[in-house]
Protein chains: 2
Amino acid sequence: MGADRRTEILRAAARVIARHGVRGLRVAEVAAEAGISTALVYYHFKDRAGILHRTLEFISDRAERYTAAHPRRERDGDPRRDLERSLLLEFQDRPEVRENSTAWGELQATAVFDPELREALAEARLIWIGELTDTLGRIHPAAPEPARTVAAERLTATLEALSTRWLSELLPLGHARELMRDAIAVELAQLARQPAVTVFD
Amino acid sequence: MGADRRTEILRAAARVIARHGVRGLRVAEVAAEAGISTALVYYHFKDRAGILHRTLEFISDRAERYTAAHPRRERDGDPRRDLERSLLLEFQDRPEVRENSTAWGELQATAVFDPELREALAEARLIWIGELTDTLGRIHPAAPEPARTVAAERLTATLEALSTRWLSELLPLGHARELMRDAIAVELAQLARQPAVTVFD
DNA sequence: GTCTATAATACGATAGAC
DNA sequence: GTCTATCGTATTATAGAC
C-alpha cells in the first residue's frame, strides 16, 4: 500500500466528501485529513476544482472495481445472481462503499448546477448502463435490446434514489436492499413476459 | 397577490436555489432577486440557515399544491389517469415546476449531510407515499396494502432519480416522461398480477 | 421597515524559506 | 517536497441613520 502523496490526498478528499459533500469540501480540511499543509495540497493539485475533478475520477474508478468489474470477471456464473449482487453491492455499511455512494449522489446533485461535471457523469453512466444491459441480455436473451436498456435505466435510477434515501437515513439499509431486490424481480418479470418483437427476424 | 415581504423573499430564495442550489445560495443574491438590501433580509430572517429552512418549507408546501393535492380533489375521476398525471406533473419545463423539482432534489441531496433537514423531508415523503398508495388502491383494490406501499416507494424513487437526470440534462424531458410512464405501467402490471394474499380473509 | 456602510470572518490561493 | 505565514476576496452578519 505504498500509496503516493497524490493518492493519499485523493483518499482524504473522498473521506471529506463523504462527510460534507462536494460543495462542503474545504481545502484546509482535506489537508488536515491527510495530515499535511494546505500548501502541499496546492503543490500536487492546481486548485480546488482540480482536486474535486480528480477525486471524482478516483471514486469512479474505485466504484468500477467493486461493481461493473465484477459481472465481467464472472461471466460464466449465474447472471441472475451477478445482476443482483452488483446492484446490491452499493448497499453496504462499509466506509469505502458509503464514501462512494455518497460521492456518487453528490456528483448527481452537483451536476444539476455544474455543466462541467455533466460530461464525466454521462460517460460513467453510459458504461454502467451498458454493462447492466449486457447482463440482462444474458438472463433473457430473447428480450429486445431497447427493452433491456430501458430496464437498465430504470434499475440504475432506482438504485440511485434508494441509495440517497439510505444515506439520509430515510430508509434503513435492509429495507433499501429489499426494495432494490424487488425492483430487480419486477424488471426481470417484465422482460420475461415481453415477447421479443423481433423474434422472427 | 399582495404577498408580504417575507413571502417575497422566500419566492426570491426559491428562484436562487433553482439556479445555484441550496449550497450555492448567497444572501446578497436573494436580496438582489427580491430587489431589497441584504440588511432587510436579515431583518426578516435570523440568519442564512433560517432563510434556507423556511424556503424549503415554502417549496414543500407549494409542491403539495400541485401534486398531492390533485388526486384528492379529483377522487371520482379515472384513478389510473390521476396517478399518471400526478407523477408526470413533475416533468414540465415551467419555471415553477423546475424550481420545485430542483429544490426537492437539493433537499434530498442536502439531507445526506444535514440531519436537521431530515425530519421535514421524512414527513413530506410519508404524506406523498401515502397518497400514492391510496391511488394505487383505487386502481387495484385487490392488491394487498404492503405491496401497494412498496410500489409507491419505488415509483417515488424512480421519479426523483429521473427528475435529477432531466435537470442535469442527462435525459431529455420526453425520454424522462416515457421512462416514468413505463415505470407506472410495470408497477401496475405487477400489482394486477400479484394475487391478493388475503383475498379470502 | 428600509437603507448605506462596514465589521468580522472564512476560504482559496500564493510567496518564500528550508 | 514540505512548511509557515499571509494576501485577497467573497460572504455572512451587524451598526446606526432615516
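This is a predicted model, so every value here is computed, not measured. So that the names make sense, note that chain A is the first sequence line, chain B the second, and so on, each numbered from 1.
- Looking at the side chain of I36(B), the nearest of the listed nucleotides dC3(C), dG1(C), dC11(C) is dC3(C).
- Comparing dG1(D), dC3(C), dA13(C) against the side chain of Y43(A) picks out dG1(D) as the nearest.
- At whole-Å resolution of the value, NE2 in H44(B) and P in dA13(D) are 17 Å apart.
- Here the P atom of nucleotide dA13(D) and the CZ atom of R48(B) are 8 Å apart, to the nearest Å.
- In this structure, the CD atom of E29(B) is 14 Å from the P atom of dA10(D), given to the nearest Å.
- Taking 4.0 angstrom as the limit, R5(B) places none of its side-chain polar atoms (N or O) nearer than this to OP1 or OP2 of dG1(C).
- In the set dC3(D), dA13(C), dC11(C), the nucleotide with an atom closest to the side chain of D47(A) is dA13(C).
- In this model, the phosphate group of dA13(D) is approached by a side-chain N or O of Y42(B) to a distance below 4.0 Å at OP1 or OP2.
- One can place CZ of F45(B) at 13 Å from P of dG1(C), the figure rounded to the nearest angstrom.
- Across all strands, L25(B) comes closer than 4.0 Å only to sugar-phosphate atoms, never to a base (heavy-atom distances).
- At least one donor-acceptor pair under 3.5 Å links the side chain of E106(A) to the backbone N or O of V22(A).
- For the pair L40(A) CG and dA15(C) C1', the interatomic distance rounds to 15 Å; values are reported in whole Å.
- Nearest to the side-chain atoms of A39(B) among the listed nucleotides dA15(D), dG1(D), dT4(D) stands dA15(D).
- For the side-chain contact (heavy atoms from CB on, under 4.5 Å) test with W166(B), the passing option among E90(B), M180(B), R98(B) is R98(B); the others fail.
- The side chain of T38(B) has dA13(D) as its nearest neighbour among dA13(C), dT2(C), dA13(D).
- Between R15(B) and E99(B) no salt bridge is recorded (no basic side-chain N to carboxylate O distance below 4.0 Å).
- A salt bridge does not link E33(B) with R11(B): every distance from a Lys NZ or Arg NE/NH1/NH2 to an Asp or Glu carboxylate oxygen is 4.0 Å or more.
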